[in-house]
Amino acid sequence: MEIVTHSRDDKLRQWLAEKACEHGFDTVRITTAAASGDQSDNLASYLAKGYHGTMGWMADTAERRSDPRVLWPQVKSVIVFAMNYGPDRNPLKILGKKSRGAISVYAQNRDYHDIIKGRLKTIAGQLAAKTASEVKVFVDTAPVMEKPLAAAAGIGWQGKHTNLVSRQHGSWLFLGSIFTTASIGPDRSEIDHCGSCRACLDICPTDAFPAPYKIDARRCISYLTIEHKGQIPHQFRIAMGNRIYGCDDCLAVCPWNKFAATASEVKLKAREDLREPELADLLLLDDPSFRRLFSGSPIKRIGRDRFVRNCLIAAGNSGDDSLIGSCKLLLGDTSPLVRGAAVWALGRLAGHSKFEALRAQYQRGETDEEVLAEWKMSAESISRPNEVAL
């Protein structure tokens, strides 16, 4: 834990640094509630272009999101905490193991919202008693733009992939904040150190960055596998590969990661059963077994149907015909979202004659229009192996 002292508030800063370290955070910095900069204009532009996709809550909370003082008029200072959750192995290697599912590093253990919020509430309670101030804790689930606030506080800068990057801690950062009515002298903001590097932009499988520092969520695999509730758009399915929850590509290639400190014992460790899970096992999940497997995990929030949808897309990209049986069983699933994805997977795996036999068996009783459209599109494309991903 690095500690930066200032001429004012030295004792309080020292105390905050010690508490941050005690609770597993790597750094803590302070900014003013007024340090929203041009984020209001940036957010308005993002929303106007529709880059937020179906995340209507971003537009609904735009005013509160753009300025902490709108969210809480009494706030004077924002204390931002960061925790490095960098993996202990290269998360991109699994992308070559087509019959296994790639789960984003942050989701391979307990839900970080619960862990970090609990720790920040403990610190916030002690801070309130120490300073006789009011406090509020936020960890990603409230309309708070934590990355711009973290940049204003000097933890790092928003890279070309729009995520926060730190010279000391790389791209793998969980963020949380304590809003307080206490006035604490702010830290200096960090400048951009991306330079001419564009590794994060070039590696994106779906070309989700219309320009450096801009992201179109509608093309982002993290959005598609987590936030998007319908069928995955056809143009992105092949590019998804075996990514079944989130995407780490742009984070993993950031050169600043090589300077990040190794994770300490208090950091989150990946569950072994979620490092490289077999698609064959995941395709068999019903709702109760899904809930058991992902109890306490952020994956649980998307529900079994969306998760199995993602796994079926991965199965279709796997080239593994041993998965045909599991995909076939899902043609009779109660969820049209799952049935539609199963049709596409079998169109990729089964071959023309097997697919047509399945089509004759299952399409007749299908009533959902989107699933029927999947049967039609797969039947038309099955003899054209040169399907274009993007």
Side-chain angles (χ1 to χ4, degrees), residues 24 26 82-112 115 156-175 193-209 215 220-226 236 238-282 294 297-299 307 310-311 313-315 317-320 389:
D26 289 282
M83 178 188 292
N84 174 11
Y85 67 96
D88 59 2
R89 62 186 70 180
N90 183 355
L92 301 184
K93 286 188 176 181
I94 192 177
L95 300 180
K97 301 177 181 180
K98 302 298 184 181
S99 295
R100 295 177 178 268
I103 295 174
S104 184
V105 169
Y106 87 88
Q108 291 179 17
N109 206 297
R110 291 174 56 199
D111 192 334
Y112 76 92
I115 295 172
W157 69 97
Q158 282 190 262
K160 293 176 182 177
H161 52 14
T162 74
N163 293 295
L164 197 75
V165 184
S166 163
R167 288 190 293 175
Q168 292 79 30
H169 308 294
S171 276
W172 307 98
L173 290 170
F174 289 143
L175 299 173
H193 295 279
C194 285
S196 61
C197 178
R198 50 176 295 121
C200 60
L201 308 180
D202 293 338
I203 199 173
C204 181
T206 53
D207 195 22
F209 300 104
I215 185 169
C220 176
I221 291 176
S222 287
Y223 167 83
L224 292 169
T225 56
I226 300 172
F236 303 124
I238 293 175
M240 277 176 57
N242 62 339
R243 301 170 184 85
I244 59 174
Y245 189 91
C247 179
D248 288 329
D249 295 35
C250 63
L251 293 173
V253 297
C254 179
W256 286 104
N257 288 332
K258 65 184 178 182
F259 298 108
T262 56
S264 66
E265 293 182 1
V266 293
K267 303 299 189 298
L268 297 179
K269 304 292 185 182
R271 281 170 46 181
E272 286 300 323
D273 60 339
L274 297 186
R275 285 186 185 272
E276 297 183 355
E278 295 277 1
L279 291 175
D281 297 330
L282 299 177
F294 295 113
S297 163
I299 298 174
F307 183 74
N310 298 343
C311 293
I313 300 301
N317 289 326
S318 70
D320 184 353

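Predicted model, so just to flag it, every value in this text is computed and none were measured.
- The two residues Ala107 and Ile299 have their closest heavy-atom pair at O-CD1, 3.9 Å.
- His161 and Leu251 make their closest contact through NE2-CD2, 4.1 Å (heavy atoms, listed as atom of the first residue, atom of the second, distance).
- Contact detail for Leu164 and Gly156: the closest heavy-atom pair is CD1-C, 3.9 Å.
- When the ring pair (Phe, Tyr, Trp, His ring centres under 6.0 Å) test is applied to Phe294, the partners found at least two apart in sequence or on another chain are Phe290, Phe307.
- Put simply, CG on Asp248 and CG on Leu95 are 9.0 Å apart, with the number rounded to the nearest 0.5 Å.
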Report task. Determine, step by step, whether Lys160 and Phe209 satisfy the side-chain contact (heavy atoms from CB on, under 4.5 Å) criterion, reporting the C-alpha distance in whole Å, the side-chain angles of both residues, the deciding distance to 0.1 Å, and the verdict. Result -> CA-CA 9 Å; Lys160 293 176 182 177; Phe209 300 104; over 6 Å; no
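- If you take CD1 on Ile94 and CZ on Arg243, they are separated by 10.5 Å, rounding to the nearest 0.5 Å.
- Aromatic ring pairs are classed by plane angle as parallel below 30°, tilted from 30° to 60° and perpendicular above 60°; the pair Tyr106 and Tyr245 is tilted.
- For Arg275, the CZ atom counts as densely surrounded, since its 6.0 Å shell holds more than 12 non-hydrogen atoms of other residues, nucleotides or ligands.
- In this structure, Ile244 CD1 and Cys311 SG are separated by 4.0 Å, a value rounded to the nearest 0.5 Å.
- The CG atom of Asn84 sits 10.0 Å away from the OG atom of Ser171 when rounded to the nearest 0.5 Å.
- For the side chain to side chain contact (heavy atoms under 4.5 Å, CB included) criterion with Trp172, the lone passing option out of Cys254, Ser166, Pro87 is Pro87.
- For the atom pair OG of Ser104 and CG of Asp249, the computed distance is 9.5 Å after rounding to the nearest 0.5 Å.
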Requested in this report: Start with the C-alpha gap between Ile221 and Phe236, add the side-chain angles, then the distance that decides, and say whether side-chain contact (heavy atoms from CB on, under 4.5 Å) holds.
Outcome: CA-CA 8 Å; Ile221 291 176; Phe236 303 124; over 6 Å; no
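- Residues Asn257 and Ala252 come closest through the heavy atom pair ND2-O, 3.6 Å.
- To the nearest 0.5 Å, atom CD of residue Gln168 and atom CG of residue Leu173 are 10.0 Å apart.
- Of all heavy-atom pairs spanning Gly241 and Asn317, the tightest one is O-ND2, 3.0 Å.
- Residues Leu92 and Val253 meet the side-chain proximity criterion, which asks for heavy atoms closer than 4.5 Å.
- Tyr85 and Phe174 have parallel rings, their planes meeting at less than 30° on a 0 to 90° scale where 60° marks the start of perpendicular.
- For the residue pair Asn242 and Lys98, the shortest heavy atom distance occurs at CB-O, 4.1 Å.
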